[in-house]
Each structure stands twice: as structure tokens, then as C-alpha cells.
There are 2 protein chains.
Amino acid sequence: MTVTLADVAARAGVSAATVSRVLNGNYPVATATRSRVLRAVEELEYVVNGPASSLAAASSDLVGVLVNDIADPFFGIIAGAVQDTLGPVTSVPAQGRKLAVICNTGGSPERELTYLTLLQRQRAAAVVLTGSSTDDPGHRAALAARLQRLAAGGVRVVLCGRPLPVDESGAGEPAADGCGTAAEGAREPGAEGRPAAGGTLTAGPRVVTVPLDNEGGARALTGHLLALGHRRIGYLAGPDHRSTTRHRLAGHRAALAAAGLPPTPDHLLLHGTFHRDSGYAGALRLLEADPGLTAIAAANDTVALGVCAALRDRGLRVPQDVSVTGFDDLPFAADVAPGLTTVRLPLRETGQAAGRVALGTEVPEDGVVPPDPARLVARDSTAPPRG
Amino acid sequence: MTVTLADVAARAGVSAATVSRVLNGNYPVATATRSRVLRAVEELEYVVNGPASSLAAASSDLVGVLVNDIADPFFGIIAGAVQDTLGPVTSVPAQGRKLAVICNTGGSPERELTYLTLLQRQRAAAVVLTGSSTDDPGHRAALAARLQRLAAGGVRVVLCGRPLPVDESGAGEPAADGCGTAAEGAREPGAEGRPAAGGTLTAGPRVVTVPLDNEGGARALTGHLLALGHRRIGYLAGPDHRSTTRHRLAGHRAALAAAGLPPTPDHLLLHGTFHRDSGYAGALRLLEADPGLTAIAAANDTVALGVCAALRDRGLRVPQDVSVTGFDDLPFAADVAPGLTTVRLPLRETGQAAGRVALGTEVPEDGVVPPDPARLVARDSTAPPRG
DNA sequence: TTGAAAGCGGTACCAA
DNA sequence: TTGGTACCGCTTTCAA
């Protein structure tokens, strides 16, 4: 019924092996033969049977991309960039192109594992994990084990914007040099110390980290508020026990420390989700906790937008009354809320780098792609503190 | 090296066939045998070889989801909903679950076709096309032909928020009954008229339309502005030759006509993209064309946000000076720009319905899932017209 | 209820 | 440069 390699071979008067070689372009084939085969492919409208070739080749051209929230542009931008790097930019033959499989985990470690199993089952060529990861030791161990197995099976693993899921207990000063996300996984000398529950996952050509400078971004953001004169700054952190939450918080604290100021008191530091609702509720709670607040830094842009909404509903104006800042790279956040200052994490660049690693084009020996610097985007830096 | 079915069979002391049956649950298997097999699966950490089973079964558990812009929450919400319906909600076995492959076309008809080829090659179980489609006859024909082939090959085709890519020349009044997107593809009596370049694609159990009421939404939006007293309304339409652009424009015109008003003059009707930049530039052009403008309706929320930014930069306040409205369902748009009135298209519901169709759970005989109604969300309806 | 075995459609090694 | 041909790992009749 459907056209197969054999049909094409028959039509072109060659063997199946030759057709395969033409299609894959791995082996030399006479020009005349090649064109004859290609013509037969055209005429028969032949489409390769992916499963069959994946079975024979023991690897598919699928690349899994795990994101925490597909409805958040933050991940949409990264996922799109990864896909652009791999996928069909309009290549006519459409043969040999990788296909990105974007999987929405909702931030759930269980789903993350389930998707990895699914991808392993598909014999994916690579998996790209994006965004924050959980800090829970149990999940980290389980994740490490699974990634370990994938890598052992020849699957390229790319960690994009998150550290290696290994024991970080002995890590150095978090505020040291802004490499919060970056280096964590890289340092791993011999690593034959403790057997660790689930095998040791180490960075290398097969397991690569593509860091985002969450800590540096947070430091820049809080630094910006401090430079404007703000001294009573509320901080809406992301979910507790998440890597980005921790790194951004570290940057925030570093900025305060660098200015010789005391750390944000507990009642001005709230944990929430990465969603808008959380920003809305969080802002109201912060204002209640300290009506004299002059600025709020939010876990990401989506949360910052929720903060803006809350301020408006409370009759406050943005940014005259309270300054609000967010992280990430939401492309329109800065334009909508005047005075909304955002730190742009280079999402597209990071996503593209991840894509290149997944493709095998860019594979650093030490397993770490140098991080792009965070950029501070201040749309309206005139917001004065009230106090 | 990797664990195979045979390994599991050997360990469980049964045949490969039995293991297969246990895993797929299609055939009766003795309880004792089943548990023995499952234990072996556990112990060996066996993971099914997807390509192999896809090859043997002649169909994979991949479902393709094509979106025009993965960085736009509009599509993120739909794609996420589709995936939630198909995917692992945390099912431990992870066997037999469908995997959504989200493909970002960027609105390019060529990429759309390329991705469809890629999905055909993977022997996808279903493909879901979301969002607007091009009106170009050539591309429509090519798309129809490809979908035709997919459907003929047993692939379920779901058109979500777009009409069937067939000749619509003889269609009825666009403003008739708000079914703009909905019915277009459904009506197709015998259809054995003109052979049409590429075969006739007809709606049915295999090719299903899950409509979004773009026309009704647009009518509600413009109707809302009219009810507020606005009479000089600019309209920033989407890209020309796109189905949603046309349907929304039809609704806009219908609202004006229903109020006994003349249609929007050419200089107040601009076509652009669905991106923020387009809204920004479009707003400036509209204000230049008619400084007495009191309201602007935008192609979607993202464009509306760009309009807000432009107004702010021009020293106008939103909504006191100019009202701005958008379509879609961008979850935070309404909260950020006070007075931003949006029409909520039921994206989640639509995505879920599409997912159920793709799964085969919900398959209407006539190939059309009843549309969810558009909902008008007025955050601040006090904006008065200037004039 | 279970087993044996014939494919499914390519890939890639070995010869020619 | 090309052809022949063992697999790849699972599904699914057909028998037992």
C-alpha cells in the first residue's frame, strides 16, 4: 500500500541499499544513479519510514525538549530557538532533519521523569532540559540516574539554565563570581568518592550544561533598584526548592551585601509560583507586611506583571509609587508597564546554543558552554523611592 | 546491550509474544503470568523500543501539533492543553501514552508542509494544525493534498481554529451566523464536482475541525466599543491572506453594519503581523492618519500590548485617551494595561477538544466539534470616546 | 492461555 | 560504485 524503499529501488532499477545511500548521503553514489533514484522518489512521492530507519540505525532523529510551562513565553522562546537550530528552515528534501519534541512538564519532577522515559523509548537522539530544576535530593538522584542511563545509551543530554542534578553540598560561595548556574556541574574532579544513589552524572561531551546567568541577573536587578535609592525592597521569589529560585535569591542577597546593606527580612521575602497569580497575591501580602515598601523584585516577568496588576487595583501607580522589576525575557513586559525594569536573560541565544549541542555541532570537552551575560533593560529608571 | 523484549521473556520464563501482550494489554493473559512479566520488566528496567513497535504496528504514538508561534502564549496554551489531554499526567507505566510533538511553523506555509512530511515520516498517529492558515490558493491546495494523503494513510487530522483548506469561493455570507471558522469546512455536499488540484479534502471522522469563534469574538469586541460610544475606531488587522484575519475582520464589519454604521475606511484599517512590533507601529500610523481616533481594535492581545506601548510613548494614557482592545486569551494582558478589553477565545477548551479528537476519544461523524463561544472580558469599560 | 514464526522497512557490512 | 543480505526489536496471525 504505502511506498517503500524497495518500490523506489525497483522503479529506479537499483538495489534498496543504493536508494538508502542516496537518501542518507553517507556513501558515494554515481551521479547518474543518484538522480535516477531521486526521480523515482519524486514520482512515487516516497516518504521514509522513520520507525524502520530508527530501528535499524538504533537511533531516531527526535530531540526531546522539556519545559516547565509551555504557556510562558520564557520557555516558548527557548523551545523555539532550539527547534530553529535543529529543524527544517524550509529544506525541501526534509530528509535527515531532526525533529524537536517539546514536552510540557508543568514543573513536576514526576512528569519530567515520565517524559524522559517516553523519550528514551523513542530512542531520542538528544534531550534538552530547560529551566529550573527541583532541589529535592530524592528527585535529583532519580533524575541523575535516568540521565545517566540515557547518556550511557548514547543520548546526548543538554541541561539548559539548570545545574547538573548532582550533590552540591560542598559547593563554594554562591555569590562568588556569578557563575551560580554555570559551573556547579562542571567542577567534578575525579568523582569516584561516594557512590551516590543512582550513579554519578558528570559533565562532558555527552552531558552538557548551557547556563543562564540567573545569579548575575538578579544581582543586576537588585543593584539597579539600590542605585535608584530604594532601601525597602520586597522580594517575590519563585517556588522554594528550585534551582533558579535559589540562584536568583543568591544574586539578590549579593547585591545587598555588596552595598553594605542588611539582607531582606523574612517578612519581605515570599516564595510563590512562577505564575501571574502569585505576583498578584504576593504584592498584596508584601504591601500589608510593610506599607512603606518602595520596590518589589519579582521571580520573573510573569510574576512582575501580576504585581503591576495588584498595584493598580490597590490604587497605586507604577512606577511612581512602587517600582517593580522582573527577570527573564518576556518580550513585551517592559513595554506594557511603564517603569517595569527587566533583566533580559539571553533566552534565544541560550536556546540556540542548546540546539547546537543537541545536534552535535557544538560540543565542549568540559561539558559547559560559556554563559551569555544577563542584560539589564531599564525602560524607565526615574522611579524614585517614596521613603 | 540494551534490554529487549526477549530478555524480559527469558527472565520471566515466557515467550516474547506473551510479554508483548502483557505490555499492551490487548489480549487476555493469566494473572500469574502477567505479574511475573511485570516483575521482570521492573528488575531489568526494560523500556520498550518505540521505533521497533511503531514499525511492527505501522503507527507510532506520536501526535504532531503545529503552531504558528510557540513564543506566543496563545499557542502555548493550546499546545499545552492538547498535550495534557494526550500525555502522561504522571502515569507510572508510561506505556501506551501518546507523545505530542509541538512544531513551530512561524506561520510559514512551507514549514508547515515540511513538518507534515516529517510527521508523516514518523508515522504520527495524528496531526493537529492550530491557528490561522494562509488563504493562498496554491498553498491551500498543497496543504489539502498533503492532509489528504495523511488521512488516507490512517493519520487523524485535526484542524484547530482554522477552516479546511478547500475552495471557499462559493461560501455564504461571512457575517451570517458567527460560524465563520466553524462551518466552512463542514458544508461539502457531494463534492465530486471539480477534481480540484490535489484531491478533495472533506470533513469527517478522520478529518475533524475544532473551531474557534473568531468572527463572533471580533463582533463582540467592536460591539463593545460601539456600546461605549466610540465612532472612530481604528482596526489593526493581522497578516493579509490569513483565515483568522479574515474572520475577525468579518466580525468587525458585521458589528458596524449591525449598528447601522459605515464600514471602517481604508486609512483606518491596517494589516500587519501578529507581533507586538506591529501593534506599536500600527498605532502610530493610525494616529497619524486620524488624530481624532478614539479607539483601536487589534488583531490579538500581543498586538494590543504593542498599541498600548505606542500610546504611552506618545504621551497618551490608556484608556482615558484611546481605548484599545485585543482578541485571544493572553492571560495577563488584561491585567497589565488598565482598560484593555479582550475577547477570550476558549483556548484551553479548544486545545483539549483537539486532543480528545486526536486520541480518538471524541470523533464527531460530521467532522466538526461544536465551537465554544467567545467570551468578552471587559476590565475597564469606562473609557469614554474623546469626540 | 501461550508459543512459534513470519514479517514490518530500513541499515550497513561483506562481496563483487 | 553497487548488490546481496543478515539483522534491528516488536506485533500479530496461526497453532497448539
Side-chain angles (χ1 to χ4, degrees), chain A residues 1-38 40-41 44-62 95-96 118 120-125 153-154, chain B residues 1-38 40-41 44-62 95-96 118 120-125 153-154:
Chain A
M1 202 203 87
T2 49
V3 182
T4 71
L5 239 206
D7 298 328
V8 176
R11 174 126 190 168
V14 298
S15 73
T18 300
V19 176
S20 174
R21 292 195 266 254
V22 169
L23 259 25
N24 294 308
N26 313 331
Y27 288 82
V29 176
T31 315
T33 313
R34 134 176 273 92
S35 54
R36 202 141 36 85
V37 169
L38 289 178
V41 168
L44 267 38
E45 294 192 294
Y46 170 68
V47 175
V48 180
N49 184 316
S53 62
S54 294
L55 172 58
S59 162
S60 75
D61 40 16
L62 259 33
Q95 308 282 18
L118 244 27
Q120 179 180 355
R121 148 143 81 134
Q122 298 298 334
R123 298 300 186 261
Chain B
M1 202 201 87
T2 49
V3 182
T4 71
L5 239 206
D7 299 327
V8 176
R11 173 121 189 171
V14 298
S15 73
T18 300
V19 176
S20 173
R21 293 195 264 254
V22 168
L23 259 26
N24 294 307
N26 314 331
Y27 290 80
V29 175
T31 313
T33 313
R34 131 175 276 95
S35 53
R36 201 138 37 84
V37 169
L38 290 178
V41 168
L44 266 37
E45 293 192 296
Y46 170 67
V47 175
V48 180
N49 183 317
S53 62
S54 294
L55 172 57
S59 162
S60 75
D61 41 16
L62 258 33
Q95 308 283 17
L118 244 29
Q120 180 180 356
R121 149 143 82 134
Q122 298 297 335
R123 298 299 186 261

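All figures in this text were calculated on a predicted structure; none of them were measured in a lab.
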Legend entry - Bounds of contact between DNA chain C and chain A, in 5' to 3' order, using a heavy-atom cut-off under 4.0 Å: C:dG9 to C:dC13
Legend entry - Summary of salt bridge (Lys or Arg N to Asp or Glu O under 4.0 Å) pairs that have at least one residue in residues 45-54 of chain A, sequence neighbours excluded: A:E45-B:R149
Legend entry - Pairs meeting criterion salt bridge (Lys or Arg N to Asp or Glu O under 4.0 Å) with involvement of residues 12-23 of chain A, two or more places apart: none
Work out which heavy atom in [X] is nearest to a heavy atom in [Y]; give both atom names and the distance.
X     : Y     : value
B:D7  : B:T2  : OD2-O, 3.7 Å
A:Y46 : A:L23 : CE2-CD2, 3.6 Å
A:V41 : A:V8  : CG2-CG1, 3.8 Å

Between side-chain atoms of residues 27-38 of chain B and protein atoms elsewhere (two or more places apart, or another chain), which donor-acceptor pairs fall under 3.5 Å?
residue	atom	partner	partner atom	Å
B:S35	OG	B:T31	O	3.3
B:S35	OG	B:A32	O	2.9
B:R36	NH1	B:A12	O	2.6

Inset, instruction - Can you check each nucleotide of nucleotides 7-16 of chain D against protein heavy atoms at under 4.0 Å and return B for base, S for sugar-phosphate only, - for none, in 5' to 3' order? - result: -BBBBBB---
Only pairs under 3.5 Å count here: list side-chain donor-acceptor contacts from residues 47-60 of chain A, not counting sequence neighbours, and write none if there are none.
residue	atom	partner	partner atom	Å
A:N49	OD1	A:A52	N	3.0
A:S53	OG	A:G50	O	3.1
A:S54	OG	A:G50	O	3.0
A:S60	OG	A:L62	N	3.2
A:S60	OG	A:Q122	O	3.2
A:S60	OG	A:R123	O	3.0

Legend entry - A:L5 side, atom CG; A:L44 side, atom CG - distance, nearest 0.5 Å: 11.0 Å
Inset, instruction - Determine to 10° how strongly the helix from C:dT1-D:dA16 to C:dA16-D:dT1 is bent, judged from the axes of its five-pair ends. - result: 30°
